[in-house]
Each structure stands twice: as structure tokens, then as C-alpha cells.
Amino acid sequence: MNALKDEMVKMVDEQKKMIDPNHKDDDSEEENSSEEEGHQANQFTFISAIDVGSHFIEINPSNELLFQNLEGNMLTQFTITNPCKACPIAFFVHTSSPIPVKIFPNCGFIPAEFQQVIRIAWQRENQPNVDRLENSMFFVKSLPLSPEMNLDELNQNLS
């Protein structure tokens with residue numbers, strides 16, 4: 001049992017070495033309410049929560065998504081940034097919503113110090129209704145990968 005614990009501690013220490021020491025944790029900053037940011041919920045927009053299940057990535061916006069109504073479609077987007085200087089990350093985005101929303105891309109790999117824009121759409125043909133999506137949450141999971149991993153090969157396996 002101690003050998004397993006020692007191996008886990010070693011793995012965590014190795015992962016910590018790959019994180020940028022200048023990385024700021026968004027959780028330590030003051031949070032502004034959506035009203036302070038000038039967002040007003042109305043018939044055209046609403047706000048949904050976003051939960052980040054990893055400290056290896058940065059999300060912008062960090063804790064809520066503002067959906068907008070564009071020609072009958074409810075749309076939003078956010079950016080996942082990989083602050084690690086040495087390793088790529090794998091990510092997965094999913095929702096608690098039973099509604100058929102499209103998340104593109106919902107999974108993939110981000111090279112060291114790169115970012116990926118994630119778009120979420122509730123399309124007009126699925127009859128968007130703010131009241132049905134209002135309590136939905138979106139979750140982002142990520143995992144650092146070995147710097148030696150071939151991302152092109154991994155991406156081909158996702159297709």
C-alpha cells in the first residue's frame with residue numbers, strides 16, 4: 001500500500017513541475033456578479049453555470065456562461081487555455097441538461113500554452129426555451145498528458 005502511495009505522490013510531483021509557476025488561479029480573485037458586468041437577463045439572454053473539474057486549465061469566462069438568442073438559436077462560447085509549458089492536456093465538456101444542446105468540440109487535446117474555443121448551441125429546430133435550460137450546468141474535465149504523446153495520432157483516434 002505504501003508503494004502505491006509513494007508512486008502517486010511521485011506522479012503528482014512530476015505533474016506539478018509541468019505547471020507554469022506564474023499561473024494565476026482564478027478562484028483566488030474576487031468574483032463579480034453578472035449585474036456588475038453589465039449582463040441583464042431578459043428574453044434574449046440567460047446565464048448558466050460552468051464547473052471546472054481541473055486545476056490544469058484556465059476557463060474564460062470562469063464560472064458562468066451568457067447565452068444569447070440569435071435568430072431563434074441560443075448560443076454561447078468559452079475558451080479553454082492550457083497554461084502548462086511542457087505538456088498537452090486532454091479535455092471533455094458535458095452538460096447536466098436533458099436538452100439536446102450541441103457542444104463543439106466536446107472533447108479533444110490542447111497543446112502546451114495553446115487554447116481552444118468551445119461553442120454551445122441550442123438550435124432553433126429543438127425549440128429553445130430559457131426556462132428549460134436555466135438550471136443546466138456545463139462541466140469541463142481535463143487531464144495533463146505526457147509531453148511525449150503524439151497529439152495528431154490521438155486526434156485521429158477521436159474521429
Side-chain angles (χ1 to χ4, degrees), residues 15 18-20 22-146 149-159:
Q15 294 294 328
M18 292 186 220
I19 296 176
D20 181 1
N22 298 323
H23 171 67
K24 278 183 19 185
D25 186 0
D26 288 341
D27 293 340
S28 64
E29 296 177 11
E30 288 185 26
E31 294 182 16
N32 295 328
S33 73
S34 60
E35 289 180 350
E36 290 175 38
E37 295 174 5
H39 300 305
Q40 295 292 325
N42 59 38
Q43 65 184 5
F44 301 108
T45 63
F46 73 97
I47 296 171
S48 180
I50 187 168
D51 178 48
V52 179
S54 174
H55 296 287
F56 295 104
I57 59 174
E58 294 175 354
I59 301 291
N60 188 19
S62 63
N63 54 356
E64 61 185 23
L65 299 173
L66 177 64
F67 280 79
Q68 297 181 338
N69 185 330
L70 181 64
E71 299 177 3
N73 300 298
M74 298 300 291
L75 307 170
T76 192
Q77 71 180 31
F78 64 94
T79 304
I80 301 174
T81 301
N82 178 1
C84 295
K85 289 187 176 191
C87 65
I89 58 143
F91 72 91
F92 177 68
V93 181
H94 62 102
T95 181
S96 65
S97 174
I99 299 162
V101 295
K102 298 214 185 258
I103 302 172
F104 184 77
N106 70 329
C107 63
F109 305 97
I110 304 173
E113 297 185 311
F114 278 77
Q115 60 186 20
Q116 173 69 53
V117 174
I118 308 296
R119 291 178 176 83
I120 302 173
W122 186 4
Q123 296 174 317
R124 153 178 56 218
E125 56 267 15
N126 293 320
Q127 302 168 343
N129 178 331
V130 172
D131 296 332
R132 289 180 53 208
L133 194 56
E134 195 166 19
N135 293 322
S136 297
M137 287 190 66
F138 293 88
F139 303 92
V140 181
K141 305 285 185 201
S142 71
L143 178 69
L145 303 173
S146 168
M149 294 189 100
N150 183 339
L151 293 187
D152 292 332
E153 184 177 319
L154 292 171
N155 278 319
Q156 288 175 356
N157 291 332
L158 280 179
S159 303

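Quantities reported herein were computed from a predicted structural model and do not represent experimental measurements.
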For Pro144 and Cys87 the tightest heavy-atom approach is CB-SG, 3.9 Å
Validation row: Phe138, His94 side chains within 4.5 angstrom (heavy atoms): no
Is there a side-chain contact between Leu154 and Met149 (heavy atoms, below 4.5 Å)? yes
I'd like to check Ile80 versus Ile118 (side-chain heavy atoms, cut-off strictly below 4.5 Å). Are they in contact? yes
Using side-chain heavy atoms (C-beta onward) and a distance below 4.5 Å, is Cys107 in contact with Phe92? yes
Quick one: do Thr79 and Gln115 satisfy side chain to side chain contact (heavy atoms under 4.5 Å, CB included)? Show the steps, please. CA-CA 7 Å; Thr79 304; Gln115 60 186 20; 3.7 Å; yes
Starting at CG of Leu66, measure out to CD of Glu64 and round the result to the nearest 0.5 Å. 8.0 Å
Nearest 0.5 angstrom please: Thr76 OG1 to Arg119 CZ, how far? 11.0 Å
Assess the residue pair Trp122 and Ile99 against the criterion (side chain to side chain contact (heavy atoms under 4.5 Å, CB included)); give the C-alpha distance rounded to whole Å, side-chain angles, the decisive distance to 0.1 Å, and a yes or no. CA-CA 8 Å; Trp122 186 4; Ile99 299 162; 3.1 Å; yes
When rounded to the nearest 0.5 angstrom, what is the spacing between CG in Leu65 and CE in Met137? 10.0 Å
Test log, rule side chain to side chain contact (heavy atoms under 4.5 Å, CB included), inputs Arg124 and Glu71: CA-CA 8 Å; Arg124 153 178 56 218; Glu71 299 177 3; 3.9 Å; yes
For the atom pair CG (Leu151) and CG (Leu145), what is the distance rounded to the nearest 0.5 Å? 7.0 Å
Are the side chain of Asn60 and the backbone N or O of Ser62 linked by a donor-acceptor pair below 3.5 Å? no
Should we say atom CD of Glu153 is surrounded by more than 12 heavy atoms from elsewhere, each under 6.0 Å from it? no
Flag side-chain contact, heavy atom, 4.5 Å: Asn106 against Phe104: no
Minimum-distance pair of heavy atoms, taken over all atoms of Ser146 and Pro88: O-CD, 3.8 Å
Stepwise, does the side chain to side chain contact (heavy atoms under 4.5 Å, CB included) test hold for Leu75 with Phe67? CA-CA 5 Å; Leu75 307 170; Phe67 280 79; 5.9 Å; no
Just how far is it from atom CD of Gln116 to atom CG of Asn82, taken to the nearest 0.5 Å? 11.5 Å
Over all heavy atoms of both residues, which pair between Ala112 and Phe114 is shortest? Give the atoms and the distance, please. O-CD1, 3.0 Å
Side-chain heavy-atom pair Val117, Phe78 within 4.5 angstrom cut-off: no
Quick one, Thr95 and Ile120 - any side-chain contact, counting heavy atoms below 4.5 Å? no
Which atom of Glu113 lies closest to which atom of Pro83, heavy atoms considered: CG-O, 4.3 Å
With the side chain counted from C-beta on, respond yes when Ile57 and Ile59 share a heavy-atom pair under 4.5 Å apart, and no when they do not. yes
Rounded to the nearest 0.5 angstrom, the OG-CD distance for Ser142 and Glu58 is 11.0 Å
